[in-house]
Amino acid sequence: RGQRKTTHVFFRFSVSPYVVITPNKTRRNQLQQIAKKEIDDLEQWKEEHRPGPIKLIPQRLGGKKSETQARQNQQMMLLQSKYQQKHKREEYVKAKKASEEAEILKKKAIQREKAERLEVKKRQQEMQRREMLFEDQYYKTNELLNRLDLGLPKSDSCQIANCGPESTAWTRSHTYKQALREDENRRLEEMKQEQRRKAELMEIKQKQEEEARTRAHQNEQRRVNNAFLDRLQKKTQHNSICQPGCSG
């Protein structure tokens with residue numbers, strides 16, 4: 001007893017032997033008995049320290065309201081919470097829709113302003129092109145008239161009464177040149193006035209659009225505030241009507 005039996009097993013082709021130890025039943029039984037004793041002691045301790053019954057003095061619980069009134073108040077609070085959640089969802093959807101519409105209007109206004117600037121730029125380029133064309137035409141006409149004047153005598157060398165055909169031709173060319181210059185100046189002045197008038201009209205139009213956008217924004221804010229006040233008034237009236245103790 002207390003001794004372990006060893007058995008040596010040798011294999012023919014093994015390099016080194018190994019040892020097989022047989023289990024000790026006595027030691028195992030002792031361990032099992034110790035564990036069982038500990039479990040029994042734990043159960044006995046739990047049984048000894050089990051809490052006893054609770055003894056309370058009977059007393060009246062709850063408030064002054066009856067069960068029916070409490071149920072009615074509970075149902076009313078549930079309805080109000082559902083209405084508040086629905087109202088919050090509607091407000092969120094409206095605010096989201098209003099923000100999207102405002103963003104769309106803002107993008108449209110930006111695109112409109114870009115288009116107007118592009119149109120003004122095109123008009124200015126067209127005016128510049130016309131001015132350059134008129135100046136080029138004016139210089140070419142002057143150059144042609146100057147070439148024609150090279151073969152004509154000076155007007156100071158003859159009297160007006162004794163002027164010949166050459167003097168008359170020079171006078172006509174000079175008059176034509178003067179008229180052409182005046183006509184060119186008049187056209188340039190008209191183009192400048194037209195451009196100035198278009199710029200003023202564009203500025204007036206932009207101011208009117210800005211005022212219209214401001215009025216629309218103010219009207220939208222006023223509409224939203226009035227709607228909020230109406231809903232708040234309805235909610236206040238509903239709460240004042242549905243007080244605790246009243247029937248639904």
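Counting from 1, the numbers follow the sequence of the chain as shown. Not measured: the values here are computed from a predicted model.
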Using a strict 4.0 Å threshold on nitrogen-to-oxygen distance, state whether [X] and [Y] make a salt bridge.
| X | Y | result |
| --- | --- | --- |
| E119 | K205 | no |
| R129 | E126 | yes |
| R186 | E190 | yes |

Test side-chain hydrogen bond (donor to acceptor under 3.5 Å, both in side chains) applied to [X] - qualifying residues, sequence neighbours left out:
| X | answer |
| --- | --- |
| K122 | none |
| R123 | none |
| D41 | K37 |

>> Taking CD in Q75 as the centre, count heavy atoms belonging to other residues, nucleotides or ligands within less than 6.0 Å. Is the count above 12?
In response: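 Not more than 12 within 6.0 Å, no.
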>> Within the supplied structure, the quantity of interest is the number of heavy atoms (other residues, nucleotides, ligands) at a distance under 6.0 Å from R27 CZ; does it exceed 12?
In response: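 12 or below, so no.
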Atom pair [atom1]/[atom2] of [X] and [Y] - distance to nearest 0.5 Å:
| X | Y | atom1 | atom2 | value |
| --- | --- | --- | --- | --- |
| E113 | E209 | CD | CD | 7.5 Å |
| E210 | R215 | CD | CZ | 11.0 Å |
| Q124 | K198 | CD | NZ | 10.5 Å |
| Q80 | L78 | CD | CG | 10.0 Å |
| Q69 | M76 | CD | CE | 11.0 Å |
| E67 | Q74 | CD | CD | 10.5 Å |

> Does the salt bridge (Lys or Arg N to Asp or Glu O under 4.0 Å) test come out yes or no for K140 and D136, once each step is laid out?
Replying inline: CA-CA 6 Å; K140 287 182 178 179; D136 187 52; 3.4 Å; yes
>> Among H49, E48, E43, exactly one meets side chain to side chain donor-acceptor pair (under 3.5 Å) together with W45. Which residue is that?
In response: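 So, applying the side chain to side chain donor-acceptor pair (under 3.5 Å) to W45 and each of H49, E48, E43, only H49 qualifies.
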Show me the side-chain donor-acceptor pairs of residues 83-101 shorter than 3.5 Å, one per line, residues at least two apart or across chains.
from, atom 1, to, atom 2, distance (Å)
E91, OE1, R231, NH2, 3.3
E91, OE2, R231, NE, 2.7
E91, OE2, R231, NH1, 3.3
E91, OE2, R231, NH2, 2.1
S99, OG, A95, O, 3.2
S99, OG, K96, O, 2.6

> Looking only at heavy atoms, what is the nearest atom pair of N219 and R222, with distance?
Replying inline: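 Answer, listing the atom of N219 first, then R222: OD1-NH1, 2.9 Å.
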>> side chain to side chain donor-acceptor pair (under 3.5 Å) for N226 and R223? Distances and angles first, verdict last.
In response: CA-CA 5 Å; N226 291 333; R223 185 186 65 80; over 6 Å; no
>> Running the 4.5 Å side-chain criterion over Ile, Leu, Val, Met, Phe, Trp and Tyr, what cluster does V120 land in, apart from itself?
In response: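 Cluster partners of V120: M202.
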> Which hydrophobic side chains are connected to F134, either touching it within the sub-4.5 Å cutoff or through other members that do?
Replying inline: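 Noted: F134 shares its cluster with M127, M191.
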